[in-house]
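Nothing fancy with the numbering, it's 1 onward along the sequence.
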Amino acid sequence: MSEEETRQSESSPEASGVTVSDIQELIRRKEEIEAQIKANYDVLESQKDVGMNEPLVDREGYPRSDVDLYQVRTARHNIVCLQNDHKAVMKQVEEALHQLHARDKEKQARDLAEAHREATNHGQSQGLSPSQAFAKVNSISPGSPASIAGLQVDDEIVEFGSVNTQNFQSLHNIGSVVQHSEGKPLNVTVIRRGEKHQLRLVPTRWAGKGLLGCNIIPLQR
(Lines give C-alpha, C1' and ligand atoms only; values in the text may rest on other atoms or scores of the structure.)
Protein backbone atom coordinates (compact mmCIF):
# COMPACT_ATOMS: atom_id res chain seq x y z
CA MET A 1 0.00 0.00 0.00
CA SER A 2 1.37 3.41 -0.94
CA GLU A 3 1.79 6.30 1.49
CA GLU A 4 -1.19 8.04 -0.12
CA GLU A 5 -3.41 4.97 0.36
CA THR A 6 -2.27 4.70 3.99
CA ARG A 7 -3.37 8.30 4.61
CA GLN A 8 -6.67 7.57 2.91
CA SER A 9 -7.27 4.52 5.11
CA GLU A 10 -6.52 6.50 8.25
CA SER A 11 -8.93 9.28 7.20
CA SER A 12 -11.66 7.01 5.82
CA PRO A 13 -15.11 8.65 6.04
CA GLU A 14 -16.34 5.53 7.83
CA ALA A 15 -13.89 6.15 10.67
CA SER A 16 -15.59 9.33 11.85
CA GLY A 17 -18.48 11.67 11.11
CA VAL A 18 -18.10 13.28 7.69
CA THR A 19 -18.33 17.04 7.29
CA VAL A 20 -18.34 19.30 4.27
CA SER A 21 -14.75 20.25 5.19
CA ASP A 22 -13.77 16.57 5.02
CA ILE A 23 -15.17 16.35 1.49
CA GLN A 24 -13.35 19.54 0.50
CA GLU A 25 -10.10 18.01 1.80
CA LEU A 26 -10.69 14.83 -0.24
CA ILE A 27 -11.30 16.94 -3.36
CA ARG A 28 -8.13 18.94 -2.64
CA ARG A 29 -6.20 15.66 -2.34
CA LYS A 30 -7.70 14.45 -5.63
CA GLU A 31 -6.54 17.62 -7.38
CA GLU A 32 -3.04 17.22 -5.89
CA ILE A 33 -2.81 13.67 -7.25
CA GLU A 34 -3.99 14.82 -10.67
CA ALA A 35 -1.28 17.50 -10.67
CA GLN A 36 1.35 14.89 -9.76
CA ILE A 37 0.16 12.57 -12.53
CA LYS A 38 0.44 15.41 -15.04
CA ALA A 39 3.95 16.26 -13.81
CA ASN A 40 5.09 12.68 -14.36
CA TYR A 41 3.54 12.59 -17.84
CA ASP A 42 5.46 15.80 -18.57
CA VAL A 43 8.65 13.94 -17.65
CA LEU A 44 7.80 11.20 -20.16
CA GLU A 45 7.08 13.77 -22.86
CA SER A 46 10.46 15.41 -22.20
CA GLN A 47 12.16 12.06 -22.82
CA LYS A 48 11.46 11.71 -26.54
CA ASP A 49 7.76 11.46 -25.69
CA VAL A 50 8.21 7.80 -24.72
CA GLY A 51 4.81 7.54 -23.02
CA MET A 52 3.80 4.58 -20.87
CA ASN A 53 4.30 1.74 -23.37
CA GLU A 54 7.10 2.60 -25.78
CA PRO A 55 10.05 0.14 -25.58
CA LEU A 56 13.17 1.18 -23.68
CA VAL A 57 15.50 -1.01 -25.71
CA ASP A 58 16.70 -0.54 -29.29
CA ARG A 59 16.25 -2.93 -32.19
CA GLU A 60 19.24 -4.94 -31.05
CA GLY A 61 17.89 -5.34 -27.53
CA TYR A 62 20.23 -2.86 -25.83
CA PRO A 63 18.99 -0.14 -23.45
CA ARG A 64 18.18 3.05 -25.34
CA SER A 65 20.86 5.71 -25.05
CA ASP A 66 18.68 8.60 -26.21
CA VAL A 67 16.53 8.73 -23.07
CA ASP A 68 17.14 8.80 -19.32
CA LEU A 69 15.98 5.28 -18.47
CA TYR A 70 15.92 5.95 -14.73
CA GLN A 71 13.67 8.99 -15.14
CA VAL A 72 11.34 7.14 -17.51
CA ARG A 73 11.00 4.07 -15.29
CA THR A 74 10.49 6.24 -12.19
CA ALA A 75 7.83 8.38 -13.92
CA ARG A 76 5.99 5.30 -15.20
CA HIS A 77 6.01 3.70 -11.75
CA ASN A 78 4.78 6.94 -10.15
CA ILE A 79 1.95 7.27 -12.67
CA VAL A 80 0.70 3.73 -11.99
CA CYS A 81 0.77 4.30 -8.21
CA LEU A 82 -0.84 7.74 -8.47
CA GLN A 83 -3.62 6.45 -10.72
CA ASN A 84 -4.44 3.84 -8.07
CA ASP A 85 -4.42 6.57 -5.42
CA HIS A 86 -6.72 8.67 -7.61
CA LYS A 87 -9.24 5.83 -7.90
CA ALA A 88 -9.15 5.35 -4.14
CA VAL A 89 -9.73 9.05 -3.46
CA MET A 90 -12.63 9.20 -5.93
CA LYS A 91 -14.21 6.25 -4.11
CA GLN A 92 -13.68 8.08 -0.80
CA VAL A 93 -15.39 11.19 -2.18
CA GLU A 94 -18.37 9.15 -3.35
CA GLU A 95 -18.67 7.30 -0.03
CA ALA A 96 -18.29 10.53 1.95
CA LEU A 97 -21.05 12.24 -0.03
CA HIS A 98 -23.39 9.29 0.49
CA GLN A 99 -22.58 9.11 4.20
CA LEU A 100 -23.01 12.86 4.71
CA HIS A 101 -26.33 12.82 2.89
CA ALA A 102 -27.60 9.78 4.81
CA ARG A 103 -26.47 11.14 8.17
CA ASP A 104 -28.01 14.55 7.59
CA LYS A 105 -31.25 13.26 6.09
CA GLU A 106 -32.76 12.16 9.39
CA LYS A 107 -31.64 15.31 11.18
CA GLN A 108 -33.05 17.46 8.39
CA ALA A 109 -36.34 15.62 8.60
CA ARG A 110 -36.56 16.40 12.33
CA ASP A 111 -35.52 20.02 11.80
CA LEU A 112 -38.01 20.47 8.96
CA ALA A 113 -40.81 18.95 11.01
CA GLU A 114 -40.00 21.24 13.93
CA ALA A 115 -39.69 24.28 11.66
CA HIS A 116 -43.00 23.43 10.03
CA ARG A 117 -44.71 23.16 13.41
CA GLU A 118 -43.26 26.48 14.49
CA ALA A 119 -44.24 28.17 11.23
CA THR A 120 -47.73 26.69 11.38
CA ASN A 121 -48.22 27.71 15.00
CA HIS A 122 -46.90 31.21 14.31
CA GLY A 123 -49.12 31.60 11.28
CA GLN A 124 -52.16 30.42 13.15
CA SER A 125 -51.45 32.73 16.09
CA GLN A 126 -50.87 35.71 13.82
CA GLY A 127 -53.59 34.85 11.31
CA LEU A 128 -51.02 35.01 8.51
CA SER A 129 -50.93 33.15 5.20
CA PRO A 130 -47.65 31.76 3.77
CA SER A 131 -45.31 34.43 2.43
CA GLN A 132 -45.20 34.95 -1.31
CA ALA A 133 -42.47 33.07 -3.20
CA PHE A 134 -40.26 34.91 -5.69
CA ALA A 135 -38.21 32.06 -7.22
CA LYS A 136 -38.31 28.34 -7.84
CA VAL A 137 -35.77 25.48 -7.79
CA ASN A 138 -35.62 24.14 -11.34
CA SER A 139 -32.95 21.42 -10.99
CA ILE A 140 -30.55 19.98 -8.41
CA SER A 141 -27.31 18.02 -8.91
CA PRO A 142 -26.89 14.89 -6.74
CA GLY A 143 -24.36 15.29 -3.95
CA SER A 144 -24.36 19.09 -4.26
CA PRO A 145 -24.63 21.53 -1.30
CA ALA A 146 -28.26 22.22 -2.33
CA SER A 147 -29.06 18.50 -2.31
CA ILE A 148 -27.33 17.99 1.05
CA ALA A 149 -29.34 20.89 2.51
CA GLY A 150 -32.58 19.19 1.51
CA LEU A 151 -33.70 21.45 -1.33
CA GLN A 152 -35.96 19.74 -3.85
CA VAL A 153 -36.99 20.46 -7.43
CA ASP A 154 -40.10 22.68 -7.60
CA ASP A 155 -39.47 24.18 -4.13
CA GLU A 156 -40.71 27.78 -4.23
CA ILE A 157 -38.31 30.13 -2.44
CA VAL A 158 -39.79 32.58 0.04
CA GLU A 159 -36.53 33.69 1.68
CA PHE A 160 -32.92 33.09 0.65
CA GLY A 161 -30.64 34.55 3.31
CA SER A 162 -31.39 38.28 3.27
CA VAL A 163 -33.33 38.09 -0.02
CA ASN A 164 -37.13 37.99 0.13
CA THR A 165 -40.10 38.97 -1.98
CA GLN A 166 -39.82 42.57 -0.78
CA ASN A 167 -36.27 43.19 -2.02
CA PHE A 168 -35.85 40.57 -4.78
CA GLN A 169 -35.18 42.14 -8.18
CA SER A 170 -33.27 39.47 -10.13
CA LEU A 171 -31.25 36.29 -9.67
CA HIS A 172 -28.20 38.53 -9.21
CA ASN A 173 -29.52 39.20 -5.70
CA ILE A 174 -29.27 35.50 -4.85
CA GLY A 175 -25.91 35.20 -6.61
CA SER A 176 -24.49 38.05 -4.55
CA VAL A 177 -25.66 36.48 -1.28
CA VAL A 178 -24.16 33.12 -2.30
CA GLN A 179 -20.76 34.62 -3.23
CA HIS A 180 -20.53 36.48 0.07
CA SER A 181 -21.65 33.46 2.12
CA GLU A 182 -19.23 30.74 0.96
CA GLY A 183 -18.75 28.29 3.82
CA LYS A 184 -21.40 30.04 5.94
CA PRO A 185 -24.92 28.68 6.61
CA LEU A 186 -27.83 30.50 4.99
CA ASN A 187 -31.41 30.28 6.18
CA VAL A 188 -33.62 29.34 3.25
CA THR A 189 -37.42 29.20 3.48
CA VAL A 190 -39.36 27.38 0.79
CA ILE A 191 -42.94 26.36 0.08
CA ARG A 192 -43.24 22.70 -0.87
CA ARG A 193 -46.63 21.28 -1.83
CA GLY A 194 -48.34 24.10 0.03
CA GLU A 195 -46.27 23.75 3.21
CA LYS A 196 -43.49 26.01 4.42
CA HIS A 197 -40.06 24.47 5.15
CA GLN A 198 -36.96 26.10 6.63
CA LEU A 199 -33.54 24.82 5.54
CA ARG A 200 -29.91 25.62 6.27
CA LEU A 201 -27.83 25.82 3.10
CA VAL A 202 -24.03 26.21 3.11
CA PRO A 203 -22.63 27.51 -0.22
CA THR A 204 -19.55 25.33 -0.74
CA ARG A 205 -17.06 24.43 -3.44
CA TRP A 206 -17.70 20.82 -4.39
CA ALA A 207 -16.97 18.40 -7.22
CA GLY A 208 -19.51 20.10 -9.52
CA LYS A 209 -20.00 23.65 -10.77
CA GLY A 210 -20.88 26.66 -8.64
CA LEU A 211 -21.36 26.84 -4.87
CA LEU A 212 -24.92 25.44 -4.76
CA GLY A 213 -25.29 22.79 -7.45
CA CYS A 214 -28.83 23.82 -8.32
CA ASN A 215 -30.62 25.97 -10.88
CA ILE A 216 -33.01 28.65 -9.62
CA ILE A 217 -35.44 30.53 -11.83
CA PRO A 218 -37.56 33.59 -10.98
CA LEU A 219 -41.30 33.15 -10.70
CA GLN A 220 -43.52 35.10 -13.05
CA ARG A 221 -46.22 36.92 -11.11
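Taking the salt bridge (Lys or Arg N to Asp or Glu O under 4.0 Å) definition, one finds that Lys184 meets it with nothing, sequence neighbours left out. A search for salt bridge (Lys or Arg N to Asp or Glu O under 4.0 Å) contacts involving Glu31 returns nothing, not counting sequence neighbours. Qualifying side chain to side chain contact (heavy atoms under 4.5 Å, CB included) partners for Asn167, counting only residues two or more places apart in sequence or in other chains: Val163, Asn164. By the side chain to side chain contact (heavy atoms under 4.5 Å, CB included) test, Lys48 is found to be paired with Val50, Arg64, Asp66, Val67, residues two or more places apart in sequence or in another chain being considered. For Asp68, there are no salt bridge (Lys or Arg N to Asp or Glu O under 4.0 Å) partners at least two apart in sequence or on another chain. With sequence neighbours left out, Glu34 forms a salt bridge (Lys or Arg N to Asp or Glu O under 4.0 Å) with Lys30. Listed by chain and number, the residues in a side chain to side chain contact (heavy atoms under 4.5 Å, CB included) with Pro145 are Leu201, Thr204, Trp206 (sequence neighbours excluded). Annotation: side chain to side chain contact (heavy atoms under 4.5 Å, CB included) contacts of Thr19 (sequence neighbours excluded): Ser21, Asp22.
Here the OG atom belonging to Ser147 is positioned 10.0 Å from the CG atom belonging to Leu100, to the nearest 0.5 angstrom. Taking NE2 from His197 and CG from Leu151, the interatomic distance works out to 11.0 Å, rounded to the nearest 0.5 Å. Here Leu82 contributes atom CG and Gln36 contributes atom CD; the two are 5.0 Å apart, rounded to the nearest 0.5 Å. Annotation: the span from Met52 atom CE to Ile79 atom CD1 amounts to 5.0 Å, rounded to 0.5 Å.
No chain of hydrophobic side-chain contacts below 4.5 Å, direct or via other Ile, Leu, Val, Met, Phe, Trp or Tyr residues, connects Val43 to Leu69.
Among all heavy-atom pairs drawn from Asp155 and Gly150, the shortest one is OD2-O, 4.4 Å.
Pairs engaging residues 139-169 under the ring-ring contact (aromatic ring centres under 6.0 Å, His included) rule: Phe134-Phe168 [sequence neighbours left out]. Among residue pairs with one or both ends in residues 52-78, none qualify as ring-ring contact (aromatic ring centres under 6.0 Å, His included); sequence neighbours excluded. Applying the salt bridge (charged side-chain N to carboxylate O under 4.0 Å, His left out) definition to pairs two or more places apart or across chains, those involving residues 131-152 are Lys136-Asp154. Among residue pairs with one or both ends in residues 198-212, those qualifying as salt bridge (charged side-chain N to carboxylate O under 4.0 Å, His left out) are Glu182-Arg205; sequence neighbours excluded.
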